[in-house]
Amino acid sequence: MGRWGIVALAALAVMGTACSPGSADDVAVGDETATTTTRTPRITDDSGRPPVAFDPCYDIPDDVMNAAGYDASEKRIADMPMGTYTFLGCLYKNDDYVPGVRRGFGLNILSGNATLEEEVQKNGHISEPTSINGRAARLRVDPAASLACTYVLETSFGIVIFDRLYHSDSVTRPPIEVWCDGFEELVASIEPFLS
């Protein structure tokens, strides 16, 4: 498993604090105060890389996540400061219970200042090129990772990783073909909010 995969899995194990709108500094930009804000990132690093301009706990509207079955009131911060790069993370849970099939999904969204090229170097052997709404991306489904489906989208500052875990409700491991069912639609609904 590559370094970014380890970051994503480690973040899933983190029990963060609840996100609250008051804990980020919003600064209005020009005449576009109704639609555009610039936020001071919660974490910066000493790498010289661009600051992470998309915060998955604050920049994804709650109604988008709620409509997709993820309770936005239960989201949790799961940041990964690394010194040489930074990932701002947010954990979501979907309790889409289907008896005998699945108990729902865990979703970790990581926004980082690593590049898509670095992602390809680390995980190219278990991912394939794709696009979401015309944006360059990678789809990663690693048979060795437990029921995980991952989309990595390129941004102006780096990448955003959407890592979803399928929680099975059966002792039988579901086929790899279902791990990503319906996930692309969720990622596509969030993509317009990325920079």
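Remember, it's a predicted structure, so these values are computed and weren't measured experimentally.
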Note to self: For a side chain to side chain contact (heavy atoms under 4.5 Å, CB included) check, start with the C-alpha distance between Y92 and N108, then their side-chain angles and the critical distance, and finish with the verdict.
What the structure shows: CA-CA 6 Å; Y92 292 90; N108 187 20; over 6 Å; no
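- Between the side chain of R140 and the main chain of E128, no donor-acceptor pair closer than 3.5 Å is present.
- Interatomic distance, I60 CD1 to S189 OG, rounded to the nearest 0.5 Å: 8.5 Å.
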Check: Hey, mind stepping through K93 and L91 against side chain to side chain contact (heavy atoms under 4.5 Å, CB included) and telling me if it holds?
Finding: CA-CA 7 Å; K93 189 171 84 169; L91 298 175; over 6 Å; no
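- Between N113 and R49, the shortest heavy-atom distance links the atoms O-NH1, 3.0 Å.
- Every residue two or more places apart in sequence or in another chain that forms a side chain to side chain donor-acceptor pair (under 3.5 Å) with S127 is listed here: R138.
- Scanning for salt bridge (charged side-chain N to carboxylate O under 4.0 Å, His left out) contacts around E184 gives an empty result, with sequence neighbours left out.
- R164 contributes no side-chain N or O that, together with a main-chain N or O of L107, makes up a donor-acceptor pair within less than 3.5 Å.
- Among the candidates D59, L153, I159, the single residue satisfying the side chain to side chain contact (heavy atoms under 4.5 Å, CB included) test with L194 is L153.
- You'll find the side chain of I161 stays beyond 4.5 Å of the side chain of I109, heavy atoms only.
- The salt bridge (Lys or Arg N to Asp or Glu O under 4.0 Å) contacts involving residues 185-195 comprise R135-E191, where partners must be two or more places apart or lie in separate chains.
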Next item on the list: Evaluate the side chain to side chain contact (heavy atoms under 4.5 Å, CB included) criterion for residues V160 and V152: first the C-alpha distance (whole Å), next the side-chain angles of each, then the deciding distance (0.1 Å), finally the verdict.
Entry: CA-CA 6 Å; V160 176; V152 182; over 6 Å; no
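- Between the side chains of D163 and T150, at least one donor N or O sits under 3.5 Å from an acceptor N or O.
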Next item on the list: Dump the intermediate steps for side chain to side chain contact (heavy atoms under 4.5 Å, CB included) on F87 and V52, then the final yes or no.
Entry: CA-CA 8 Å; F87 281 94; V52 179; over 6 Å; no
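- Of the possible polar contacts, none joining the E74 side chain to the D71 backbone as a donor-acceptor pair under 3.5 Å is found.
- With sequence neighbours left out, the side-chain contact (heavy atoms from CB on, under 4.5 Å) criterion links D62 to N66, A72, K75.
- Residues meeting the side-chain contact (heavy atoms from CB on, under 4.5 Å) test with P143, sequence neighbours left out: I176.
- E154 meets the salt bridge (charged side-chain N to carboxylate O under 4.0 Å, His left out) test with no other residue; sequence neighbours excluded.
- Between E117 and E119, the closest side-chain pair of non-hydrogen atoms is not below 4.5 Å.
- Contacts of D181 classified as salt bridge (charged side-chain N to carboxylate O under 4.0 Å, His left out), with partners at least two apart in sequence or in another chain: none.
- With sequence neighbours left out, S111 forms a side chain to side chain donor-acceptor pair (under 3.5 Å) with no residue at all.
- Sequence neighbours left out, the pairs with a member in residues 141-175 that pass ring pair (Phe, Tyr, Trp, His ring centres under 6.0 Å) are F105-Y166, Y151-F183.
- Judged as a disulfide (SG to SG under 2.5 Å), the pairs with a partner in residues 121-161 (not counting sequence neighbours) are, in order, C149-C180.
- The minimum heavy-atom distance linking L88 with P56 is given by the pair O-CG, 3.4 Å.
- For A188, the side-chain contact (heavy atoms from CB on, under 4.5 Å) partners at least two apart in sequence or on another chain are I132, N133.
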